[in-house]
Each structure stands twice: as structure tokens, then as C-alpha cells.
Amino acid sequence: MLVVMHRQATAEQIDAVVAAIRRMNLTAHPMPGATRTAIGITGNISAVDPRSLEVLPGVEELLRVTKPYKLASREMHAADTYVRLPLTPDPSPQRGEGRKTPPHPQPLSPEAGERGEEVVIGPGSFTLIAGPCSVENEEMILRTADFLVSKGVHLMRAGAFKPRSSPYSFQGMGLEGLDILARARQRTGIGVVTELMDTDNADAVEQAADIIQIGTRNMQNFSLLKRVARTSKPVLLKRGLSATLEEWLMAAEYVMAGGNYNVILCERGVRTFSDHSRNTLDLSVIPPVKHLSHLPILVDPSHGTGKRDYVPAMALAALAAGADGLLIEVHPDPDRALSDGAQSLDFAGFGRLLDSLRRLAEPLGRTIN
Ligand code: PEP
Ligand code: MN
């Protein structure tokens, strides 16, 4: 259910509606918009009759949200969500010191966090998140961070915790890897995106990351989704290997229902009968995502194809198809990478792709950031 307030509704009237929703044992999600505020309602609404809200001062109308995902749907939130990240890194507190979590739930407001220079993920721009699959050592992370910064890329992705198909494969450097990422962030100013695999490491990953990645295999790990719902960092939610769009948006709903509205979807290929590529990159999911949801969507052409030669074509196609950016694997020496070297671009290859992306972005009216 969505309560749409009048344009002239006062802050007191909005607060009174929020209080009435809470008295019904439901959760209120105030969403200040450009011209009016709407208040989303989640929770079990079959037991109470929310129509009693209709009569409250300042309420214009009540709309039923028909989709099973509510906060993630365009029905409840018509305007596109922009995830904003401040560009100048605050000096990271040491692990364990604890960062204050925001008031809960946070307002679903694009204005939140608007101060100074920032990376904005959402329609109009095209955000590149690039880097090696894994943190392998400090030297290669610093080299990659320096290279990306020199190319105007603001966000680096590298995994300290790696979900590998084989228990005998490199599992990542763990907490030491997070420390390396934190140092690279401090030295170069690059934003850090890294994966959280389990709730045990949530505090440490939240501390080190500007965006927390939830991997494909954990898309329906509901304890993990509930945990990242309580972090102060945006969540990059990769699509499950065999997830339908509805299952994916329901996973996003878990994070949002817990109070974290900064969710970025990431299409990374699904499992089909095809065996010419590692996965089948489902670019056809982009228009329905945009139709049904207000959340930004990135595309990962590296895991989507599994072969570096196929990555540039799919990266350009993602831009043309309306994605909001890319998550792309780049390694200083892909042939010696400890994971996913075959699908990683080297620096020269990434540079060439960046030039092509810039050329294509211009006529499409998009800015690469
Ligand atoms: C990764 O991004 O390196 C990764 C493991 O991705 P996925 O969860 O999509 O397999
Ligand atoms: Mn990888």
C-alpha cells in the first residue's frame, strides 16, 4: 500500500500518518519526492484495514501495490533511484572501531548524502566499477587502483573473500585483503567494492567497502540480506545463477525492507543450455528491470561471458541496452591471475574499451563516470 500525501501536506501531517501506520504494527517508509511525499507501507496488511488512513489530514489517496516486491517496485516509487557515493574518502576508522549505522529505516530520498563531489549511479550516467577478481597482494591492487584513477574510474572492485566452485581453489586473502583495499582507498582515493560472503565478516566488510557486493550464490541467503539491510553502505546485488526477475527483486526487497534503500542490481549471466560462454548474459532483463523497478542496474560482462575476447562487445551492448554501468574484471597480468584470468582484460584492453564506451556514450546522452 502507498499513501500519497497532498503537495501542501505539512511535516506534522506526514509524521501523523507515519505514527498511525506504526500503531497498526506496520512499517512506514516515507519517500520525499520532488513535489510531494509518499509513504510506503510494508508488513502484513491483511489483518488491518489501512483505509482508515484515507481520512487523515494531508492524505490525498491510497494506492494498492500489486507486486509481491513493494519497495523495489515502480508502483511504490515511480522516480528512478540514484545511489550517491561521496568521492573524497573519509579516513577509514580501523576495523572493529565501528561506524555508526544510520537511523533506521533511512528515508528513501535521492537527496540523502548530497554534498560535495560524488559518483552517482543511475540513469543518465554510466558507472564503471573495475578491478581484479581477487585481491592477490598489495602491489597488484595499488597498480590497478593507480591505473583506474588515471583513467578517470572512481570505483575498484576486488574480492577479499572469494566464493569458489572448488574448495581447493584460491579462497581470497580474507581480512588481510580488506586491509589492502582500505590502504589503496586511502592512498589513491578510489572507492572500494568488495564481496561479503557471510554475516560473520559483515562489520569488517562494511568498514572497508564503499559498496558491499552480494554474490550470485548468495542472492537468496536471507540471513545475509537481512544483515546488509542494517549496514550504512549501498549493496550491489548480483542476480542468482537461475533467478527469475521476480526472485531477484524479492531479494532486493529483503534489503530494502530492512531499511537499506541503496540497492544496485547486477546482471552477471544465468545458467542455460548454452556452453559457448561461461554463462548466458541476459541483457534482455534490462528493459523489464527498468519497467518494474526504480533501482539502478549494472552489467557484469566478465562473468557473463567468461572470455575476455567477448567482454568488449557485451560491455558496449549493455550501455546501448540502458544499463547504468558495468562491473568488469581488469587485471595487471591476467594470464597469471589467481582467479578468473581468462575473462579479465589487461590494462591496454580496458583502455581501448573505455575509449569505445566514451564514443558510444556521447550520442546516447550518457556520461561515463
Ligand atoms: C565475482 O564478482 O568475482 C564473483 C564471484 O561473481 P559472481 O557472484 O557473479 O559469480
Ligand atoms: Mn570473478
Side-chain angles (χ1 to χ4, degrees), residues 127-136 140-141 144 148 155-167 169-174 177-178 180-181 191-198 201 205 208-221 224-225 228 234-243 245 247-248 251-252 255 263-272 277-283 285 297-308 310-311 314-315 318 323 325-346 349-350:
T127 305
L128 301 185
I129 304 178
C133 182
S134 322
V135 179
E136 298 174 6
M140 59 85 79
I141 286 294
T144 309
L148 293 173
L155 294 165
M156 176 172 69
R157 200 295 311 258
F161 298 97
K162 293 307 302 176
R164 304 304 303 279
S165 305
S166 165
S169 302
F170 176 58
Q171 303 288 308
M173 293 181 74
L178 291 183
I180 290 174
L181 289 172
V192 164
V193 183
T194 198
E195 178 163 351
L196 173 65
M197 279 175 56
D198 49 64
N201 289 301
V205 170
D210 293 277
I211 298 178
I212 301 172
Q213 175 174 325
I214 297 293
T216 296
R217 293 151 193 86
N218 275 318
M219 188 204 81
Q220 282 185 320
N221 179 337
L224 196 57
L225 296 177
V228 292
V235 172
L236 179 76
L237 181 63
K238 295 192 109 181
R239 182 181 181 182
L241 212 56
S242 61
L245 175 51
E247 288 164 342
W248 192 13
V255 180
V263 178
I264 306 155
L265 302 169
C266 180
E267 162 61 34
R268 49 77 73 204
V270 290
R271 177 64 55 84
T272 68
S277 54
R278 182 175 179 185
N279 294 290
T280 296
L281 188 65
D282 183 13
L283 294 180
V285 83
I297 175 171
L298 305 187
V299 165
D300 171 354
S302 309
H303 293 85
T305 61
K307 292 196 179 120
R308 74 178 74 118
Y310 306 158
V311 166
M314 291 296 97
L326 297 175
L327 182 72
I328 190 161
E329 287 187 337
V330 178
H331 192 285
D333 188 359
D335 293 334
R336 290 199 173 74
L338 295 183
S339 59
D340 286 349
Q343 66 193 31
S344 300
L345 298 176
D346 61 13
F350 181 76

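All ligand and atom numbering here is 1-based and tracks the order in the structure. Only heavy atoms go into these numbers, but all of them, side chains included; no hydrogens, no water, no symmetry mates.
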Between the main-chain N or O of [Y] and the side-chain N or O of [X], is there a donor-acceptor pair closer than 3.5 Å?
| X | Y | result |
| --- | --- | --- |
| T194 | A158 | yes |
| Q171 | S169 | yes |
| D210 | V192 | yes |
| E267 | V299 | no |

Give every protein N, O or S atom lying under 2.8 Å from the Mn ion (ligand 2), naming each by residue and atom.
C133 SG, H303 NE2, E329 OE2, D340 OD2
Can you tell me the protein heavy atom closest to [atom] and the distance?
| atom | answer |
| --- | --- |
| atom 7 (P) of ligand 1 | T216 OG1, 3.3 Å |
| atom 3 (O) of ligand 1 | K162 NZ, 2.9 Å |
| atom 4 (C) of ligand 1 | H303 NE2, 3.4 Å |

Mind checking whether [X] and [Y] have side chains closer than 4.5 Å, heavy atoms only?
| X | Y | answer |
| --- | --- | --- |
| H331 | E136 | yes |
| V285 | R239 | yes |
| P332 | T144 | yes |

Note: D300 and L281 closest approach over all heavy atoms is O-CD1, 3.7 Å
Check contact between G159 and ligand 1, using heavy atoms of the residue and a distance below 4.0 angstrom.
no
Any Q213 heavy atom less than 4.0 Å to ligand 1:
yes
Just by distance, with hydrogens left out, do T305 and S277 show a side-chain donor and acceptor under 3.5 Å apart?
no
Which ligand 1 atoms does [X] reach within 4.0 Å, using its non-hydrogen atoms?
| X | result |
| --- | --- |
| E329 | 3 (O) |
| C133 | 3 (O) |
| G215 | 8 (O) |
| R217 | 7 (P), 8 (O), 10 (O) |
| R157 | 1 (C), 2 (O), 3 (O) |
| R268 | 7 (P), 9 (O), 10 (O) |

Any chance CZ of R164 has more than 12 other-residue heavy atoms, nucleotides or ligands included, within less than 6.0 Å?
yes
Give the C-alpha distance, both sets of side-chain angles, the deciding distance and a yes or no for salt bridge (charged side-chain N to carboxylate O under 4.0 Å, His left out) between D335 and R308.
CA-CA 11 Å; D335 293 334; R308 74 178 74 118; 3.0 Å; yes
Give yes or no for whether the N/O distance cutoff of 3.5 Å, strictly under, is met between K238 and ligand 1.
yes
So for ligand 1, is E195 a polar contact partner (N or O within less than 3.5 Å, distance only)?
no
When rounded to the nearest 0.5 angstrom, what distance separates CG in L224 from CG in L196?
5.0 Å
